[in-house]
Amino acid sequence: MRAREFNFDGLVGPSHNYAGLSFGNVASFSNVKSASNPKLAALQGLAKMRALAARGFGQALLPPQDRPNFRLLRSIGFTGSDADVLAKAAREAPVILACAYSASPMWTANAATVSPSADSADGRTHFTAANLNNKLHRAFEHEQSARSLRAIFHDIDHFAVHEALPGTPAFGDEGAANHTRLCKDHGSAAVEMFVYGRTEFDASASAPRKYPARQTLEASQAVARLHGLSAERTVYIQQNPDVIDQGVFHNDVIAVGNGNVLFYHDQAFADEAGSLDTLRRAMAGVGAELNAIRVDTGAVSVADAVASYLFNSQLLSKDNGKMALVIPQECEENAAVAAYLQGLVASGNAIDELIHFDLRQSMRNGGGPACLRLRVALTDAEAAAMHQGVVMTEALYHTLVAWVEKHYRDRLDPSDLADPALAIEVHTALEDLSRILGLPNLYDF
Ligand code: SUG
């Protein structure tokens, strides 16, 4: 069946800030406590959505989440009015206050894992909200992620939204950031490739030593089971623990796939040859031939890949049968990466175009173009069955720009998180947003 891929970009929330919360994510750690610009961050994200929608790519958005998370703050003993809670948390536990305020749901590649109807046993599109249990500031996102997905994909004849896996280390799940579909075209059955960083119940398996491996094999297997994927079309690949220790905290920082193309760094996987071989054999079963575009360390080092986010790009299928690579501006500014990309586009292989965006505000927290989007391949009937108010149009773009201009600050310093007015501003903005998107029950407030 014909299907079209929609990218659901995370609309950056009004509390976007740099709190250095993600150990193992180089950018997050490097920019800790610098001032952020939430307004600019949201506008940069909207500009990307608008441009890709204007090009005819399926584009929609996922809304930001309510912040601060008062439930979290109250559950750990902060009491009194909202203002009291904020004042006490700012004084006694400023890092936890930053966690409660994080705008991290903007990185929707981590919202869920998605298996389109062509891949699942019951012919529905399946979503499993990711528990993100490796980081406190992300570990409570899944409740609203599941709620938002259910609000948008409410038709249970077409869609199934699963709750997050149990939030325990054995089931560390980071969603689509470690998941790729490889297929002939978006509407046909695909090989679903799950990349994991460690195995909970195999003490002999290798694992990173310095930074955490956020995704476990056990979590990937559980998601595949929930989605009713067939064993022959499901492949589990171990990420190279050494690159996790160099700042590759998700597979989408070192590899990206689309259609039959896997664009990857030669150090991405623990066993490169074995992984490709497994993929090739599984893909033969769906009548697709793997086009592996390998980037050698000699051309782009792991450090350059992490600094430029070359692989945290979007690979988008175009009508001419080729693909565009959507990259952050940092790729153009890195000499090795820029030279590599020139050669790639000239090579006559699948990627014939580069589209770059200034996403600096998100990048400074380790979030590039691919982090900012959740892919959902939908048939025409499924696309018609989802809530239409989140689909990016020129009109929605302008409405949201005006909404951002009205509600967002253009500077947030770490100390601003103690300002009780900020909590009220965020709340007011989200009330307004749920009306704009036509989703009155989007939030639990
Ligand atoms: O989980 N950064 C996010 C970036 C997520 C990127 N997503 C993908 N690669 N798909 C993370 O590390 C930083 C927040 C802070 O430090 O304030 C943060 O959460």
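Computed from a prediction, not measured in an experiment: that's the story for all the values here. As the structure lists them, so they are numbered: ligands from 1, and atoms in each ligand from 1.
- Which parts of ligand 1 touch Ala109 is read off a 4.0 Å heavy-atom cut-off, strictly below it: atoms 10 (N).
- Contacts of Asp252 with ligand 1, taken as heavy-atom pairs under 4.0 Å, involve the side chain alone.
- Listed by atom number, the atoms of ligand 1 under 4.0 Å from Ser28 heavy atoms are 13 (C), 15 (C), 16 (O).
- Note: no N/O pair closer than 3.5 Å links Ser102 and ligand 1 by distance alone.
- Here is the list of ligand 1 atoms found below 4.0 Å of a heavy atom in His250: 7 (N), 8 (C), 9 (N), 10 (N).
- Across Tyr101, Trp107, Tyr18, Phe23, heavy-atom proximity to atom 3 (C) of ligand 1 is greatest for Trp107.
- Ser188 pairs by the side-chain contact (heavy atoms from CB on, under 4.5 Å) definition with Lys184, Asp185, not counting sequence neighbours.
- For atom 5 (C) of ligand 1, the nearest protein heavy atom (residue, atom name, distance) is Arg138 NH1, 3.5 Å.
- No part of Lys135 comes within 4.0 Å of ligand 1, judged by heavy-atom distances.
- Within ligand 1, the atoms closer than 4.0 Å to a non-hydrogen atom of Ala177 are 10 (N), numbered from 1 in the order shown.
- For ligand 1, one of its N or O atoms has an N or O atom of Leu21 under 3.5 Å away.
- Pairs of residues two or more places apart, or lying in two chains, never qualify as salt bridge (Lys or Arg N to Asp or Glu O under 4.0 Å) while including a residue from residues 238-263.
- Remark: aromatic rings of Phe311 and Tyr264 are distant, center separation not under 6.0 Å.
- Atom 11 (C) of ligand 1 has its closest protein heavy atom at Ser22 OG, 3.4 Å.
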Residue pair Phe153, Phe8: steps toward the ring-ring contact (aromatic ring centres under 6.0 Å, His included) verdict: CA-CA 12 Å; Phe153 300 102; Phe8 284 76; 5.4 Å; yes
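- Taking the six-membered ring where the residue is Trp, the centroids of Tyr211 and Phe29 are separated by 6.0 Å or more.
- Only the side chain of His137 comes within 4.0 Å of ligand 1, counting heavy atoms alone; its backbone N, CA, C and O stay farther away.
- For ligand 1, the polar-atom distance check against Asn25 finds a nitrogen or oxygen pair separated by under 3.5 Å.
- Between Ala19 and ligand 1, at least one pair of N/O atoms sits closer than 3.5 Å.
- Considering both main-chain and side-chain atoms, Gly366 never comes within under 3.5 Å of ligand 1 through any nitrogen or oxygen pair.
- Atom NE2 of His427 has more than 12 heavy atoms from other residues, nucleotides or ligands within 6.0 Å.
- The two residues Trp107 and Arg138 have their closest heavy-atom pair at O-NH2, 3.5 Å.
- Residue contacts with ligand 1, taken as heavy atom pairs separated by less than 4.0 Å, involve Arg214 solely via side-chain atoms from C-beta onward.
- Between Glu330 and Tyr309 there is no side-chain heavy-atom pair separated by less than 4.5 Å.
- Residues Leu46 and Met392 have side chains in contact (heavy-atom distance under 4.5 Å, counting atoms from C-beta outward).
- Atom CZ in Arg373 sits 15.5 Å away from atom CG in Leu61 (nearest 0.5 Å).
- Counting heavy atoms under 4.0 Å from ligand 1, residue Asn110 touches it through the side chain alone.
- Look at Asn17 and you'll find a heavy atom under 4.0 Å from some atom of ligand 1.
- Of the protein's heavy atoms, Asn365 O, 3.0 Å lies nearest to atom 2 (N) of ligand 1.
- Residues Asp119 and His227 form no side-chain contact, since every pair of their non-hydrogen atoms from C-beta on lies 4.5 Å or further apart.
- A distance-only check finds no donor-acceptor pair linking the side chain of Asp413 to the backbone of Ser415 [under 3.5 Å].
- Under 4.0 angstrom from ligand 1, the non-hydrogen atoms of Cys371 come from both its backbone and its side chain.
- Between His16 and Tyr18, the gap from one ring centroid to the other is short of 6.0 Å.
- Taking a cut-off of under 4.0 Å to the non-hydrogen atoms of Gly20, the atoms of ligand 1 that pass are 15 (C), 16 (O), 17 (O).
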